[in-house]
Amino acid sequence: MTETIEYAAATGALSTIWLLIAIPVLSAAVLLLAGKRADAWGHLLGVGSIAATFALSVYYVVTLAGLDNRAVSLDLFSFIPVTGLQVDAGLLLDPLSAVFILLITGVGGLIHVYSIGYMAHDEGRRRFFGYFNLFVAAMLLLVLGNSFVALYVGWEGVGLASYLLIAFWYTRPNAATAAKKAFIMNRVGDVGLLIAIFLLFATLGSTQYADVFGNADALAGGTATALALLLLLGACGKSGQFPLQAWLPDAMEGPTPVSALIHAATMVTAGVYLIARSAPIYNLTESGQLVVAIIGAVTLMIGCIAGCAKDDIKRVLAWSTVSQIGYMFLAVGLGPAGYAVGILHLLTHGFFKAGLFLGAGSVMHGMNDEVDMRKYGDLAKRMKITFATFTLGYLALIGFPFLSGYYSKDLIIEAALDEGGAKGWLLGGAAILGAGLTAFYMTRLMLMTFFGKARWDRGVHPHESPAVMTAPMIVLAFGSVFAGFLLVNVFPLEEWLEPVFGPRPEAAHVLPPIVVTMIVTAVVAVGIAAAWVFVGRREVARTEPLGVSPLIVAARRNLYGDAFNESVFMRPGQWLTRFLVFVDNRGVDGAVNGVAALMGGGSSRLGRTQNGFVRSYALGMLGGSILVVAALLAVRFG
Amino acid sequence: MIDSPSVSYTGLSPVLFVLGAALVGVLVEAFVPRAYRWGVQLGVALAGTLGALISVILIAGRNELTLSRAVAVDGPALFIEGTLALLGVLSLLLLAERSPDMGGSAFVAQAAVPVGTVRDRQLATLTYSQTEVFPLATFALAGMMIFAASNNLLVMFVALEVLSLPLYLMAGLGRRRRLLSQEAALKYFLLGAFTSAFFLYGLALLYGYAGTVDLRGIFDQAAGSEKSDALFVIGLAFLVVGLLFKAGVAPFHAWTPDVYQGAPTSVTAFMASCTKVAAFGAIIRVLYVGFGNNDWTWRPVLYGVAIVTLVVGSVLALTQTDVKRMLAYSSIAHAGFILTGTIANSPAGLSSTLFYLLTYGLTTVGAFAVVMLVRDADGEAGHLSQWAGLAKRSPLVAAVFSLFLLALAGIPLTSGFTGKFVVFRAGLEAGAAPLVVIALVASAIAAFFYLRVIVLMYFSEPAADGPTVAVPGLLTTISLAIATAATVLLGVAPGAVLDLADRAALFVG
């Protein structure tokens, strides 16, 4: 068992970590309540509050690093004070939440800056920043909460913010539908998380991390597995993992900065955080871990395959996100060997995927919001900065040696192979195959967007985006290039996270790391070459070609995931609704009206006994008296 | 030689105050000039009832049997006496109301004049009215107090007559719709006399069985007796019939709607609140003190009676179109709710019954006081259709009436909810879960007709020739204000009074 972490009470500077949540909440409140008066300066407040939060985060993390015991908790107030159900609201800063707050506020701050330019011509910019601040606050609560209940509040908070932002352009039917889809599919996962929390209450009597993880050994094996699977269901919903992956690509209906921050860098990785945070529970159940790893492997393949067939630049990136989070799930499903690696990939992915989305947004900005890559082409010369930053993100994503993705993805593949046996080969093989497919679809994207002939619509004049947008892209590009190297060699993340996950077990390598690297690099090279052969050499048609192989049709249709959901859940659900409406109208209302009519009728009939004649009344009373006498006698002698 | 019984004047002081006021009232009627009578009578009656209230407060906690064990001075007796005195004050204020805006006094100047004669038509123009109603009311009140406090069935019978006879008369004193009023009085009298006979016969049978009319004596005799149980059981049955009639419990309820509707509304308020309190005070004393060891005999029967009462009261009220008749059926249903607690035969049953009586009495007086305010050219506008849209013209009156209706329906934060809660709890603890369920269903049915009136007042268009809402006179205002405050207070912060009822729940002897 891992040693459980000791949480010291927060003192001194760290006793103010609640400011991290309070500042964006306050800012969101001002932006959303002030109305049009704040239109002129609202975006500045939004960016300023996140910048301040980032500065504070850096300060707190530096302070934390200076402590002997790098984990502090802060009790705030009693949230639910009921006998037998005591929930205290409190925050917790430990190495794991520390990396998250830096990611959320750092990358979040950059995307906020970018949004100033991206949303400049939108009437709702102030509202946008309000929701954005709200999201940051909720996400910080999610990672800073010191109990599952606090996490759940943040969890629902980011869900709400995500819903509001996907439907930001709520007059577009697609956006409204996508938001609803995201919300409903998330509910499915949330139920799992909720039941897991109930189960913790029932078995351990508390949801505070300190109590739960301190007493985790007391959990029966079956309970631990049930908890692991329920938490996984919650994680799958939030992170767009199989079988709840369908909402994430649709969520691209929201503005691009939303896709970058919420649906790539931070919120969708909350599932990974949840599983990593619950490591002491997962460590108890091998089968639970195995399910996580399998879900990760399956999802990463689904994401890659669907990503290969898409023409919408944002959807390609979205499916890529699905698949990259699959890598992270695979990693954390490997137990102590994979937690730190999973988090490492989460961080590097946060940089390069956010950069790629911002790049895609920049392209769309220059192309009159066109998202179909078949109408791009030859943009490398028109958008030099975007092209450069996008290329660096691309190289990081496909795992080009010594860029961020190379470090994190290779480590995941190594860890998977090190599991040994059929399990190791299957998981590792899927991860390697996924790397090749990733190289294919990303190269395809690059070729279709930046190279070849211009296939623009008439009246489109591509141009580079303003500095307020390109600057964050450049910063993120630096992250894409160096984050992996820094986090492995300069500030070793694994060492930093050791108080949370314990030391990484020494595993005998199935294949030497250098061999793994060579294999992966070779597969990636094959993927790139295939993309050149199938896409780069030919003319790209301006419309989607018909008469393609069944595999491509399946990939275009998201491997029939949506069709499955619609036929298995949606339609029976609609039938059930119709049936229930029928039962309500005829059955329930009928019963209610029937009872009312019966009562009214009974009342009128009974009322006839009240005829106003004293003789009748007296007779009734006599009868009643006889009945009472008879009844008493019957009771006495019966 | 017969020893004269010892009399605890202090213990009897509440009764003596009221009785004294009644006797003084008779003298006032004889000697004080007509011009001053109203004021003097009201003063005397109020002094008597308020004196009783104060002396109840001062002697609270006393525990004794006085007058040769004939009258009890104990927790339940004093609680009932205090409740009666309080409700008596509120009712007297309504009885005394003669504000011109409310059509002057509700009582006829000369009740003996036949309806429809020339003299009768002249009566309508007279400004003075019968002031005998004050001594009548105080006599009745004194009778009620003794009724609930007597430890001796014979004394209880005398008290029953003392409280009943003035009520018969008062019901017939109406100034308007005199025929209806007199019909009510006659019906009440005939049926009351009928049941008095039952009570008396039951008393005689029990004396034959036990050789005593002392409640504790009957209790002891029933404990280890070899005698024929038939006498005992039939005697108990007849006694209970007489008591249930006064309480307006089905199937002995038939008089209630007719009498409540025909009597002047202030008298109805007095009857509905005080008579119910006194009757249940007597019922619970007889059952607990006299027959507490035989509860396996009477509980199943009263269980059934309670169900019949709940059903009759709440179902029949559904189709009523007259406010006073609706409130009459509501009072029948409430008798069923009280029985739910009473049959528990436990301290909880006793204290919950006491508390319920207090809350019910206060709310009922208030509700009838509002009925007095809504008038058209012919006097009070009783038909429900005339109440449509009342809230648009008199928001305050509509709000106050809504409060009373909600309390009668047992909605939380009103006294009615607390009352229902405690009686249901007592019933449940005594294992009467099915009865409590039926009572809950009945209160759901009852909620319909209470809420219907609220809907009518708030969401209907006022009728074109609708009634006017009178400005309440000072006395009615005081009465209404106290009832309203109590209804809210006993719903929001009932702790102190519940505590008081708990502490009072112990019979002497």
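We name chains A, B, ... by the order of the sequence lines, and we start the count at 1 in each one. In what follows, every heavy atom counts, from backbone to side chain, and hydrogens, waters and symmetry copies are set aside.
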### Summary
Note: vs chain A, highest number of non-hydrogen pairs under 4.5 angstrom among B:Ala254, B:Ala250, B:Ala317 is B:Ala254
### Message
Using a 4.5 angstrom heavy-atom cutoff, name the option from A:Arg636, A:Met599, A:Arg605, A:Met621 with the most pairs to chain B.
### Response
A:Arg636
### Message
Quick one, B:Gln320 and A:Gln610 - any side-chain contact, counting heavy atoms below 4.5 Å?
### Response
no
### Non-hydrogen side-chain atoms of B:Phe198 and A:Val628 separated by less than 4.5 Å
no
### Task
May I ask you to test the A:Leu632-B:Phe238 pair for a side-chain heavy-atom distance under 4.5 Å?
no
### Message
Measuring only between side-chain heavy atoms, which start at C-beta, is A:Val614 closer than 4.5 Å to B:Trp255?
### Response
no
#### Entry: Max heavy-atom pair count under 4.5 Å with chain B, selected residue of A:Gly612, A:Ser616, A:Gly623, A:Ser604
A:Gly612
### Summary
From the list B:Phe194, B:Phe245, B:Phe252, side chain to side chain contact (heavy atoms under 4.5 Å, CB included) with A:Ser625 holds only for B:Phe252
### Check against side-chain contact (heavy atoms from CB on, under 4.5 Å), A:Tyr617 and B:Asp258
CA-CA 11 Å; A:Tyr617 296 174; B:Asp258 293 10; 2.5 Å; yes
### By ring-ring contact (aromatic ring centres under 6.0 Å, His included) - contacts of B:Phe232 (at least two apart)
B:Tyr209, B:Phe291
### Query
In terms of heavy-atom proximity below 4.5 Å to chain A, should B:Val233 be classed as side chain, backbone, both, or neither?
both
### Task
Indicate yes or no for a side-chain donor-acceptor contact from A:Ser603 to the backbone of B:Val315 under 3.5 Å, with no hydrogens or angles considered.
yes
### Task
Measure across A:Gly600 and B:Leu318 and return the closest heavy-atom pair with its distance rounded to 0.1 Å.
N-CD1, 4.4 Å
